[in-house]
Amino acid sequence: MSADHGHAASTPVPPVKLKVDVKQVFARLEPRCQEIAAKYDRRQAALIPVLNLCQETFGCITPEIEEVVARFIGISVTKVHEVRSFYTLYSTTPLGRHRVQVCRTLSCALLGAEDVIERVGKCLAAMPGTTTPDGRVSFEAVECLGACELAPMMRVDDHFEGPLTPEKAEEIVKKLE
Amino acid sequence: MQHERFLSTRFNTTEFQDLGAYRKAGGYETAKKAITAMTPAQIIDVVKASNLRGLGGAGFPAGMKWSFIPKDNPNPRYLVVNADEGEPGTFKDRYLMVHDPHRLIEGMMIASFAIGAHKAYIYIRGEYIRPADILDKAIAQARAAGVLGPKCLGSDYALEIVVFRGAGAYICGEETALLESLEGKKGQPRLKPPFPAVIGLFNCPTVINNVETLCCVPYILERGADWFSKLGAEKNGGNRLFCLSGHVKRPGVYECSMRVTLRELIYEQAGGMREGRTLKAVIPGGISAAILTANEIDTQMDFDSLKKAGTMAGSGGVIIMDDSTNMVKALWNAMQFFSHESCGQCSPCREGTGWAFKVVSRMLNGQGHKNDIAALLHASRNMMGTTICAFGDAAGTPGVSYIQKFPKEFEERCTHA
């Protein structure tokens, strides 16, 4: 349960309405979703891979997306919602163009993760769990990313950066466009 | 001591991501021999004799696990690879997948053949995006070359492998939570029994093995059970990839015999403590393992020796802390992790991790009450042995062991009436 996780927290804000037509975009994804579903001996096993694809495509998973996914898999929206809200990689609000996750767990904490988190937050003028207003960077402080030899470290989109100093982290984050 | 290394010899190159390079170096010859010239029972016997233990954390004998698959069950069987490397302090499986992906595939092929599976899944954590891509490419290449597919390596044996990316949840490293997740559900562990060998993925017989465990298998068949078993300690065959992180000079993955001592790992392999610092404490097997003091590091690193030392070998994640470490802060960090990652299914863990985190937060902020140590011990012990999965024991262990080993630091912070 990601109770204190910024993006997944159930704050009482109305659900995001995306500018794109969700049904139309999903219709274009459907051939890829069918390919995914064909890999599994049960259709529901495709749920997480399909949600991953939606997260990548839409930048978030809104209730509207949960609905189209539920219809595609053939299960209730409740079940999709239950899964969506369990995992930390799904965001309810659109993520920025870049996703920066700074690890805060023990090995990174021992080597100064707190200072890295503070500096990245200052440089972005963003709190962990939020996205910069210009949509450039989503910034999170997360649990162990499995790269403790790089401590303190962070994930920037698809790759890991470390060992960091607050200065190095700032430099990397500033360069993101 | 001298260590005969094999798992980690390719960690300085990415050359062997390519099927051609892997085969040129003799790759897939062992799998070919296994599926054409050996019976499943013979393979299982060799793995049993090698004393290969499950290297994900539980240390269960791998050959024995394979032998639990019922012979008369008409359902399909599955091999599932646990690549959800999430235990804080652990990062070895990432190295294996990035630098030697075909070794994993070859190990999977042998294991699948031994248990009679024709489909295997690799469950990899969602944050390992590049390793997942590397595996996808390696599998596609192997399939195009006929290594995998309906006629593996020209034999009559069929095997398909699918990579499944998770979506961020520590609990999915627990094998039954992993199965739930793979079935498209939230990752909440199942009651055992029934064990996955009987009722696993899609209610079918399933073996779940860690990445490193499977990577050992081709070597065992190639060089013999005796060779592998003698490399390690009694009943703990082979080498292990130890992950050293924290306050050492050279954090990283070190492949050593199971007979290696914690002292050697810290002072010889990882270069010792940072300049001017001394060792204070070490967690030998991931954040869930009981902490040891600087006086307790002459233990051997195999599963049984660490159990005797009152802790566990776990995932091989060794976290080292020097004399600058505040133990209350370290425990606070661990409890923040556990309270965030509890899946919420069992109340002792769901509530206990939250309580424990709150009590340690109070201590850390200088607001600790006189009875807070007792409260923390109570919450911690109440989680242990009372939950569906081992997360409860894992979450209770740090509180109990940090207070036991470093009582003064906690007492000093619990002075309010």
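All values reported here derive from a predicted model rather than from experimental measurement. By convention in this document, chain letters (A, B, ...) are assigned in the order of the sequence lines, proteins followed by strands, and residues within each chain are numbered from 1.
- Across B:Ala330, B:Gly126, B:Ala169, B:Pro88, the residue that shares the most heavy-atom pairs under 4.5 angstrom with chain A is B:Pro88.
- Contacts of B:Ser324 with chain A are absent, with no heavy-atom separation under 4.5 Å from either backbone or side chain.
- The backbone N or O of A:Arg104 sits less than 3.5 Å from a side-chain atom of B:Asn333, completing a donor-acceptor pair.
- For chain B, the nearby part of A:Arg155 is the side chain; its heavy atoms alone come within less than 4.5 Å.
- Note: B:Glu87 CD to A:Cys148 SG = 9.5 Å, rounded to the nearest 0.5 Å.
- A distance-only check finds a donor-acceptor pair linking the side chain of B:Lys119 to the backbone of A:Lys39 [under 3.5 Å].
- Here the NZ atom belonging to B:Lys185 is positioned 10.5 Å from the CD atom belonging to A:Glu82, to the nearest 0.5 angstrom.
- Between chain A and the options B:Gly246, B:Cys243, B:Ala334, heavy-atom pairs under 4.5 Å are most frequent for B:Gly246.
- Counting heavy-atom pairs closer than 4.5 Å to chain B, the top-ranked of the candidates A:Leu106, A:Ile75, A:Ile73, A:Val50 is A:Leu106.
- A:Cys144 has its side chain out of reach of B:Tyr170: every pair of non-hydrogen atoms, C-beta onward, lies at least 4.5 Å apart.
- Looking at B:Thr90, only its backbone comes within 4.5 Å of chain A, counting heavy atoms on both sides.
- The two residues B:Tyr128 and A:Gly146 come nearest to each other via the heavy atoms OH-O, 2.9 Å.
- Residues B:Glu127 and A:Leu89 form a side-chain contact, since some pair of their non-hydrogen atoms from C-beta on lies under 4.5 Å apart.
- Interface remark: A:Ala151 contributes no atoms to any contact with chain B (heavy atom separation under 4.5 Å).
- Using a 4.0 Å cut-off between a side-chain N of Lys or Arg and a carboxylate O of Asp or Glu, B:Lys329 and A:Glu114 qualify as a salt bridge.
- Of all the heavy atoms in B:Ser245 and A:Ser107, the pair that sits closest is OG-OG, 2.7 Å.
- Counting only heavy atoms from C-beta outward, the side chains of A:Asp41 and B:Leu201 never approach each other to under 4.5 Å.
- Among the candidates A:Leu51, A:Asp157, A:Asn52, the residue making the largest number of heavy-atom pairs closer than 4.5 Å to chain B is A:Asn52.
- Contact check on A:Glu149 versus B:Arg94 returns a salt bridge, with a Lys/Arg side-chain nitrogen under 4.0 Å from an Asp/Glu carboxylate oxygen.
- In terms of heavy atoms, A:Phe86 sits closest to B:Gln188 at CE1-CG, 4.2 Å.
- Annotation: the span from B:Glu183 atom CD to A:Arg42 atom CZ amounts to 8.0 Å, rounded to 0.5 Å.
- Residue A:Ile48 holds its CD1 atom at 12.5 Å from NZ of B:Lys186, rounded to the nearest 0.5 Å.
- Listed for the A:Asp158 side chain is no donor-acceptor partner under 3.5 Å among the backbone atoms of B:Ile129.
- Of the two parts of B:Arg125, only the side chain, counted from C-beta on, holds a non-hydrogen atom closer than 4.5 Å to a non-hydrogen atom of chain A.
- Taking A:Val83, A:Thr105, A:Leu47 one by one and counting their heavy-atom pairs under 4.5 Å with chain B, the maximum is reached by A:Thr105.
- The backbone N or O of A:Leu110 lies less than 3.5 Å from a partner atom in the side chain of B:His247, making a donor-acceptor pair.
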List the atom pairs, with distances to 0.1 Å, where a side-chain N or O of residues 22-37 of chain A and a protein N or O form a donor-acceptor pair under 3.5 Å, not counting sequence neighbours.
none

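- Side-chain contact between B:Phe91 and A:Phe160 is absent, with no heavy-atom pair separated by less than 4.5 Å.
- With contacts defined as side-chain heavy-atom distances shorter than 4.5 Å, the pair A:Glu143/B:Gln336 qualifies.
- Taking the six-membered ring where tryptophan is involved, the planes of B:Tyr121 and A:Tyr40 are essentially parallel, since the angle between them stays under 30° and well short of 60°.
- Between chain A and the residues B:Gly252, B:Gly187, B:Gly317, the largest count of heavy-atom pairs under 4.5 Å involves B:Gly187.
- Between A:Glu56 and B:Arg165 there is a salt bridge, since a side-chain N of the basic residue sits under 4.0 Å from a carboxylate O of the acidic one.
- Shortest non-hydrogen contact noted between B:Phe164 and A:Ala45 is CE1-O, 3.5 Å.
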